[in-house]
Peer 1: 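One structure is given below, represented as structure tokens, and several questions about it will come after.
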Amino acid sequence: MQLKGKRVVLTGASGGIGEAIVGALAEQGAHLVIIGRNQQKLAQIAHAVREMGGVCDVVVADLGTSEGIFDVQQVAHMLGHVDLLINNAGISEFEAFNVQSDDAIERLLHINLISPMKLTKQLLPYLKAAERGLIVNIGSTFGSIGYPGFTSYCASKFGLRGFNEALSRELADTNVDVCYIAPRATQTAINSQQVMAMNDALGVKTDSPLWVAEQILRAVQKDRRRVYLGWPEKFFVRMNALFPGVVANSIIKQLPIIRRYLASVPAPSIEFKSSQNIPR
Ligand SMILES: NC(=O)c1ccc[n+]([C@@H]2O[C@H](COP(=O)([O-])OP(=O)(O)OC[C@H]3O[C@@H](n4cnc5c(N)ncnc54)[C@H](OP(=O)(O)O)[C@@H]3O)[C@@H](O)[C@H]2O)c1
């Protein structure tokens, strides 16, 4: 897809990878609609795009709410059609599953899986109204490889990959294409200090958000439909699909280091609401 003048709805635009995607798309002359909750950050980003002579509309919306999804849908309605939707907003939590709160599990699945599904559904009529529509879902290496300390995050990204695959097949006879792009560890605020320190200790390679945004842009321009970023991660994704036991064995060797960093994660706060529901 060539991007000049194309109407692009981008979630997670206020984050590390999102802001870099905005810069890359603005350089190509796309008409941007950027979404997030951080109004001040979005305003700064939109200002920078307009300074470059670009077009950038801001929607301050919590995508975890129906109102947030509705607000984005309203903007799509005003535009008339959407050429490209990039589901990039996401959250992560590095925590042992047995101590993760029910709220945290629900939040991860909601923001990383349910919200992009709902937003995609609401925007589909506007993507179909474009000459050619494209949905890009930003997944993760952890959407193909289950990894300790990220159990709920992995579940959400495995789900997103499944959603992507089924939807792409369901829409195969329409003018809307669907694309899955899976970055590996990237230097953004989604990764806590503990995660960054653990990545260093394990020798995990990390990418800059600018490089990741370039790869996303390239995938869109070259009409690629499945992209896994980083070596050896893309190899391990294939290996895990064919020989999960081999990958499991190598991850199990990392477990003592992972457990050490999990132990340094601050304990979750007590949920009084849940305890109030215990019948007495
Ligand atoms: N960084 C990595 O290591 C890495 C690796 C693989 C995949 N990814 C994926 O890449 C995507 C971007 O992540 P990032 O690294 O750029 O993280 P980030 O810097 O933390 O940005 C996350 C973005 O998501 C938005 N967001 C979170 N909750 C939201 C909500 N309830 N409503 C609306 N927007 C919400 C945030 O906006 P506000 O704060 O303004 O609400 C922010 O713009 C995510 O899907 C992530 O899973 C990241």
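Remember, it's 1-based here, ligands and their atoms both numbered in the order they're listed.
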Peer 1: Are any of the side-chain nitrogens in Arg218 or Glu214 under 4.0 Å away from the carboxylate oxygens of its partner?
Peer 2: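 No salt bridge links Arg218 with Glu214.
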Peer 1: Tell me whether Gly139 reaches ligand 1 (any heavy atom closer than 4.0 angstrom to a ligand atom).
Peer 2: yes
Peer 1: Near Ala61, which atoms of ligand 1 are under 4.0 Å from a heavy atom of that residue?
Peer 2: 32 (N), 33 (C)
Peer 1: Show me which atoms of ligand 1 lie under 4.0 Å from any heavy atom of Ile91.
Peer 2: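 Taking each heavy atom of Ile91 in turn, ligand 1 has 27 (C), 28 (N) under 4.0 Å.
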Peer 1: Would you call Ala182 a ligand 1 contact, heavy-atom distance under 4.0 Å?
Peer 2: no
Peer 1: What protein heavy atom lies closest to atom 44 (C) of ligand 1? Include the residue and the distance to one decimal.
Peer 2: Asn88 O, 3.1 Å
Peer 1: Among the heavy atoms of Lys157, does any lie under 4.0 Å from an atom of ligand 1?
Peer 2: yes
Peer 1: Please determine whether the number of non-hydrogen atoms from other residues, nucleotides or ligands lying under 6.0 Å from atom CZ of Arg50 exceeds 12.
Peer 2: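 Yes - once you tally the heavy atoms of other residues, nucleotides and ligands closer than 6.0 Å, there are more than 12.
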Peer 1: When you measure from the heavy atoms of Ser92 to every atom of ligand 1, does any distance fall below 4.0 Å?
Peer 2: no
Peer 1: Side chain of Asn88, backbone of Thr11: donor and acceptor closer than 3.5 Å?
Peer 2: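 Yes, the answer is positive, given that a donor and an acceptor are paired below the 3.5 Å cut-off.
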Peer 1: Determine whether any heavy atom of Arg184 lies closer than 4.0 Å to an atom of ligand 1.
Peer 2: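 A heavy atom of Arg184 does come that close to ligand 1.
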Peer 1: Indicate yes or no: does an N/O atom of Leu63 lie under 3.5 Å from an N/O atom of ligand 1?
Peer 2: yes
Peer 1: Dump the intermediate steps for salt bridge (Lys or Arg N to Asp or Glu O under 4.0 Å) on Glu19 and Lys41, then the final yes or no.
Peer 2: CA-CA 9 Å; Glu19 183 175 3; Lys41 186 77 199 279; 2.9 Å; yes
Peer 1: Looking at ligand 1, is there an atom of it that comes within less than 4.0 Å of some heavy atom belonging to Ile111?
Peer 2: yes
Peer 1: May I ask you to check whether over 12 heavy atoms, not counting those of Arg226, lie within 6.0 Å of atom CZ?
Peer 2: no
Peer 1: Within the structure, is a non-hydrogen atom of Tyr153 found at a distance of less than 4.0 Å from ligand 1?
Peer 2: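 Distance cut 4.0 Å: Tyr153 passes for ligand 1.
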